[in-house]
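Note on naming: letters A, B, ... go to the chains in the order of the sequence lines (proteins, then strands), and numbering restarts at 1 for each one. Hydrogens, waters and symmetry mates are skipped; everything else that's a heavy atom, side chains included, is used.
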Amino acid sequence: MFTEYNPINKLMFQVMDNHGKIINDKLMPEVSDQRVVKAYKDMLFARTADLQIVNYQRQGRIFTYPPNYGQEAISGATASIIEEKDWLVPAFREMGAMLSKGVTLKELFLLFMGYEEGNAYKNAKKVLPISVPIASQLLHAAGIGYEIKYNKKKELVYAFVGDGGTSEGDFHEAINFAGVWKVPVIFIIQNNQYGISTPVSMQTASESLAIKALAYGVKGIQVDGNDYFAMLKVLQESKKACENGEGPILIEAVTYRKGAHTTSDDPTKYRTKEEEESWHKKDPLDRLNKYLQDKGLWSDKEEEKIIEQFKKEVDRQFIEAENFPEYKPEEIFKYMYSETPQELKDQEHKLMEFYRWKSEKIAQTSKK
Amino acid sequence: MFTEYNPINKLMFQVMDNHGKIINDKLMPEVSDQRVVKAYKDMLFARTADLQIVNYQRQGRIFTYPPNYGQEAISGATASIIEEKDWLVPAFREMGAMLSKGVTLKELFLLFMGYEEGNAYKNAKKVLPISVPIASQLLHAAGIGYEIKYNKKKELVYAFVGDGGTSEGDFHEAINFAGVWKVPVIFIIQNNQYGISTPVSMQTASESLAIKALAYGVKGIQVDGNDYFAMLKVLQESKKACENGEGPILIEAVTYRKGAHTTSDDPTKYRTKEEEESWHKKDPLDRLNKYLQDKGLWSDKEEEKIIEQFKKEVDRQFIEAENFPEYKPEEIFKYMYSETPQELKDQEHKLMEFYRWKSEKIAQTSKK
Amino acid sequence: MKIMNMVGAINDALDIKLNEDKNVVVFGEDVGVEGGVFRVTEGLQKKYGVDRVFDSPLAESGIVGTAIGMAIAGLRPVVEMQFCGFIYPAMNQIISHATRMRNRTRGQLETPMVIRLPYGGGINALEHHSESMEAMFGHIPGLKVVSPSTPHDAKGMLIAAIESNDTILYMEPKRIYRAIKQEVKTGKFTIELGKANVVTPGNDITVVTFGAMVREVQKAMVMAKEMGISVELIDLRSIYPIDRETIRNSIKKTGRILTVTEGPMSFGLGAEISQIAIEEAFLYLEAPPARVSGYDVIVPLPKGEHHYMQDAYKILYEIERNVKY
Amino acid sequence: MKIMNMVGAINDALDIKLNEDKNVVVFGEDVGVEGGVFRVTEGLQKKYGVDRVFDSPLAESGIVGTAIGMAIAGLRPVVEMQFCGFIYPAMNQIISHATRMRNRTRGQLETPMVIRLPYGGGINALEHHSESMEAMFGHIPGLKVVSPSTPHDAKGMLIAAIESNDTILYMEPKRIYRAIKQEVKTGKFTIELGKANVVTPGNDITVVTFGAMVREVQKAMVMAKEMGISVELIDLRSIYPIDRETIRNSIKKTGRILTVTEGPMSFGLGAEISQIAIEEAFLYLEAPPARVSGYDVIVPLPKGEHHYMQDAYKILYEIERNVKY
Ligand SMILES: Cc1ncc(C[n+]2csc(CCOP(=O)(O)OP(=O)(O)O)c2C)c(N)n1
Ligand SMILES: Cc1ncc(C[n+]2csc(CCOP(=O)(O)OP(=O)(O)O)c2C)c(N)n1
Ligand SMILES: [Mg+2]
Ligand SMILES: [Mg+2]
């Protein structure tokens, strides 16, 4: 696969067409119908959550949020292959993959409501928090890869970045280090065509993003990221390659951000209606839905019903997050060091004294 | 040329063999015999200076110095093509190219003796100073390229970096920006096989350094950097391409640092005798010398004579540098801002007061 | 005169300089088509074309590094770092080149350029979007660091910054981007960089601050006044170099000084101002020069940010302590 | 006991930890085969193999960034930045991740790692090889910044740093790498990070410093003694956090304080120590807390460096001024 689809051949790996028809049976990944249905449901859950969060945001119940809308197949396929032993190093549009590792929607809500606890995944191991400084997390993935190889473990790292992120120096250094060290890391570029308002054509003049693999002597491939099966197949092959010591791998998953960059962004400023519509036809959920319906594995009725359930579940977790306990002053000091130094204890003490003074002051003022 | 020698074809461009024989006449660059002789002399001058500086350093008359020894053809070819209107953005092993732009040996000596005046090229325009933070200068080259294009000028930028430098994030960002902007910059990697003690195989797993061009959608080529004609030919073609708006270009010039990394380095710690010897056979001066002697354009006698002249000239400029006026305290403040702010004036004033106090103090003490 | 907020004033300054000087170019992430994530550069690309106002690849070292090259070659780039927390990839280019090229070459090369940096908290943002690291930048030799507190200052200072032959870090208090509206002179004017502004004269204590904190101090001053405390408010405007003279004169009058900043406490602006106070007017001091600042912690996410921030009460608390000392 | 210089002591500390803890790995530019440009890691690759002591590609962000990943996964990386001036490409990884991961995840993830940073001037080096930017690092929340001044301290502090679960910037005064020889305990011992060391008790003035400047202060003290001035010398050892208690106790005794550092003056360590002095012991102060430091300029190239540096005379000058105040 990596020979045929070497990025210099300018081929995009695809398994399913826009109507959910399998183009070439031989390219299908090994996956049970049941697993595909589960994947579809998970993608649907992510989308339901996404759309609902945008509403919460409009109601002022959550701060800035970056939706995954349109890119669900990439996380969906990752969720289908990632194991408990493996590491997930997300950028910030990998909700499905994160949930599959045991992160809860409530935790993600907490983060976007403004609590650090939203990064303290209680039931998820080996997931790094969402990374805000673009592309910087890829180096962590390379370092984790080193530890895996060093300790001869059978683990893998799935690391994500956007098309915009490929311009950062850290992207270069991460894949280069991983290449020299030959570590089992699968780097996945979610090429959703834009970095905020900047189109990929203004990020780089390279023929594709996948071809950047050649700069590091690593395997690279471009895949239709809105095609669940193609994505899964590429991940399966990448996993095998890593297990054979042929990692790292660089995957360019071609997709489209159907929503806004974040809830404070207005994409009509930089995208045309036509462009948006042309991508609607390639929607990853629609395609998988058609495939499943054709095979009799799914129905509109089921979909309606499950969306209702999902909405309730999203709401439940959202309200749980809304009821999260008040943010206490001591929490801003507590996690800075393994043991809080005297300097910080003094600062905390001063803050507490101030609060005492303030409540007295306010009490006095209101007495007058 | 750039099609045939596309780095994916894994060919190194060569014109002259190790014995100074032209492999293929059709590949020869356009260049007069006279110009070649001049280039040879310039390369010889650089080498003479280099070897002499290493001696000065041993005598404690100059601080750390990074010799060019073995890499002279790259600068030699650049010197043969660069024009007054063009910019030179050096790393720190491009003595020949710098001299050709009007930088003096004396200035280079001043720098390595510890005077900033060594970077204040009095008779050279459009040369950036030697860049110490590896690869950072490449971004300046891209920016200068932008200015050239912006003002529709007919200038070019020749920018240098080492093999080690290709690992830095700034390398990536520079070529990527230049690629997106399509600016007339010729990036030249001097692949001398090592970054201090680190071999290029530990810098990157890529097949070559030239192939990194593909990551930026720019033309790339690998060339025998110890072959003056090959180097010149590649630069001529690169120049043409830039003039046609097809820049930037990434050139990997394969060479070898015959000397130490700097005068404080000991290469026997990390290189074998065999390796060093195998490269001696490819020495850029020897090859060009043989070519010229075969053509009757040069003789050992001439060489002997001119080396003596060169030595004297090097010594003359060295002694001039040694007689450079004393470093005055005000000079450390003077160039920090376009107008020195009060804060710095105060600090300078304080330093002067201290000096007055100190000489009194010493006078007192010696009286006792 | 025209009523403007700070976003409008900055946009106006850019517009004036783009119009007047063909060497001025404006670039950065999303500053072109989108007009910047805060809409500060809105409309400028349409007006001046994609060669002069444009989107760069997503790479901060690249933005600053190429700006250095442009500046050396004769342009006057004004670049934007999208948020305060994203300037760090560019630190090497700032510390190693932008602030050194003139000194390194004994004046042969210069890098006249402006780095615009929206900074500071109070906007309910994600991590890395709320920092105020002026002290870190003030410690970099060769850099000038300035920050306006009003639309008027924003305009005059940015024009002065673009016209300066130095590298200027122009820190924009994004929290008050749209919070203050003010009459601003139309057309070109400049405000000298390096001079502080005595916003309100007073007698009992000097409060030194800049940017978004000016407004918070003003709120505290209302309460202080009720308590009979007269505050002299100094807006530094320039974080490096600091205007010692204005500070000295003020302390000689009030005998007390308090610095209010958003950044972490240790090695912050407060310590520097206090040091200046003791160097310039030790014998006039009636109380220890004090600082209100952030703590030595990461700026908390929105739900905890109020614990970190310096609101009117926290400032009043320190004013009161200092005056009672 | 064994006679060692600082290079030997650091090497010994690394050796002990590599031997004791399989999670310790050492990497950076040229630290493997070559043993580092200062020979600090000499022999370690031979002894522990290329998996544990190795050369990295030439990329500082890469070095620190991958170390963060390793640390999260359970290793204890000790990385080298080849010179102080080359740490800036890694600033983003340090500020945005290494110092934040624990706080960001409420303690779920940690990044125990040591960044070794040879720093400081006085070695006749090229530009970027002589800097002392401790104040910049001290201002980064979540970082611990330490620096030894003797071989003994170097060993004990490095072992403590490697055993700490925090990210530690370990600044090595390269100027005295081989200048001081001393008996150092063999085998393992640690020195608590965060505590200052009263090197010499005294009565008339407290001088606070660290690293290579300790020796310069000691030279000044010899001259001061002849003048009848008794100096209490405090070696901070830890630049963040600063040991307030030791400083407070000392000022209460001497009434005077001077900080000696190599870095640029403004926003430097001197201001922070002075601020601590006035916060902790204002009423004990008999003279304004003072600072001797570099100037707000680029460290000059070797021929001009003596104008910038803080030698015994410059220190004595300030001691005398302060005592006469
Ligand atoms: C270092 C850094 N610079 C700038 C930003 C601001 N920013 C947030 S998202 C974004 C665009 C990212 O584009 P891309 O990598 O394509 O990811 P996408 O948002 O499309 O998923 C930018 C510029 C940042 N978060 N980090
Ligand atoms: C950013 C940075 N990191 C580290 C160094 C220290 N250093 C100086 S030269 C060098 C090796 C450079 O190797 P290469 O790019 O191959 O150039 P060469 O010396 O072989 O010409 C290193 C690591 C530096 N100057 N700058
Ligand atoms: Mg994108
Ligand atoms: Mg090299």
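For CD of A:Gln317, the number of neighbouring non-hydrogen atoms (other residues, nucleotides, ligands) closer than 6.0 Å is greater than 12. Other residues, nucleotides and ligands contribute at most 12 non-hydrogen atoms within 6.0 Å of the NZ atom of A:Lys334. With a 6.0 Å radius and a threshold of 12 heavy atoms from other residues, nucleotides or ligands, C:Lys46 has its NZ atom at or below the threshold. Within a 6.0 Å radius of CD in A:Glu339, other residues, nucleotides and ligands contribute 12 heavy atoms or fewer. The environment of NE2 in A:His349 is sparse: at most 12 heavy-atom neighbours from other residues, nucleotides or ligands sit within 6.0 Å.
Residue with the most contacts toward chain A among C:Glu320, C:Glu305, C:His129: C:Glu320 (heavy-atom pairs, distance under 4.5 Å). Note: A:Met336 leads A:Met336, A:His261, A:Glu353, A:Glu326 in heavy-atom pairs under 4.5 Å with chain C. Heavy-atom pairs under 4.5 Å with chain C were tallied for A:Glu343, A:Glu331, A:Glu348; the largest tally goes to A:Glu343. The candidate with the highest count of non-hydrogen atom pairs below 4.5 Å against chain C, out of A:Ser136, A:Ser167, A:Gly165, is A:Ser167. Ranked by heavy-atom pairs under 4.5 Å with chain C, the first of A:Met202, A:Lys358, A:Glu116 is A:Glu116. Options C:Asp55, C:Val33, C:Leu126, C:Asn124 differ in how many heavy-atom pairs under 4.5 Å they form with chain A, and the most are formed by C:Asn124. In terms of heavy-atom pairs under 4.5 angstrom with chain C, the leader among A:Phe171, A:Phe333, A:Tyr270, A:Phe324 is A:Phe333.
The contact between C:Ser266 and chain A is made entirely by side chain atoms (from C-beta outward), counting heavy-atom distances below 4.5 Å. For C:Glu60, the parts lying near chain A are the backbone and the side chain together; criterion is any non-hydrogen pair under 4.5 Å. For A:Asp170, no part lies under 4.5 angstrom from a heavy atom of chain C. For C:Met265, the part lying near chain A is the side chain, with the backbone staying farther off; criterion is any non-hydrogen pair under 4.5 Å. Both the backbone and the side chain of C:Tyr317 come within contact range of chain A, judged by heavy atoms closer than 4.5 Å.
Nearest heavy-atom pair, C:His307 versus A:Lys328, reported as atom, atom and distance to 0.1 Å: NE2-C, 3.7 Å. For A:Lys269 against C:Glu34, the heavy-atom pair with the smallest separation is NZ-O, 3.3 Å. Counting all heavy atoms, side chain and backbone alike, A:Glu168 lies closest to C:Pro89 at OE1-CB, 4.4 Å. The two residues A:Met113 and C:Lys303 come nearest to each other via the heavy atoms O-NZ, 2.9 Å.
Between A:Ile130 and C:Glu127 there is no side-chain heavy-atom pair separated by less than 4.5 Å. Put simply, the side chain of C:Ile298 does not reach to within 4.5 Å of the side chain of A:Tyr335, judged on heavy atoms. The shortest side-chain heavy-atom distance between C:Leu316 and A:Trp357 falls under the 4.5 Å cut-off.
Between the CG atom in C:Asp296 and the CG atom in A:Asp346 there is a gap of 10.5 Å [rounded to 0.5 Å]. Note that CD1 of A:Ile332 and OH of C:Tyr295 are 6.5 Å apart. Values are rounded to the nearest 0.5 Å.
Between C:Leu58 and the options A:Ile134, A:Asp163, A:Ile196, a side chain to side chain contact (heavy atoms under 4.5 Å, CB included) holds for only A:Ile134. When A:Phe112, A:Phe63, A:Tyr115, A:Tyr327 are each tested for a side chain to side chain contact (heavy atoms under 4.5 Å, CB included) with C:Pro302, only one passes: A:Phe63.
With hydrogens and angles disregarded, no donor-acceptor distance shorter than 3.5 Å links the side chain of C:Lys314 to the backbone of A:Phe354.
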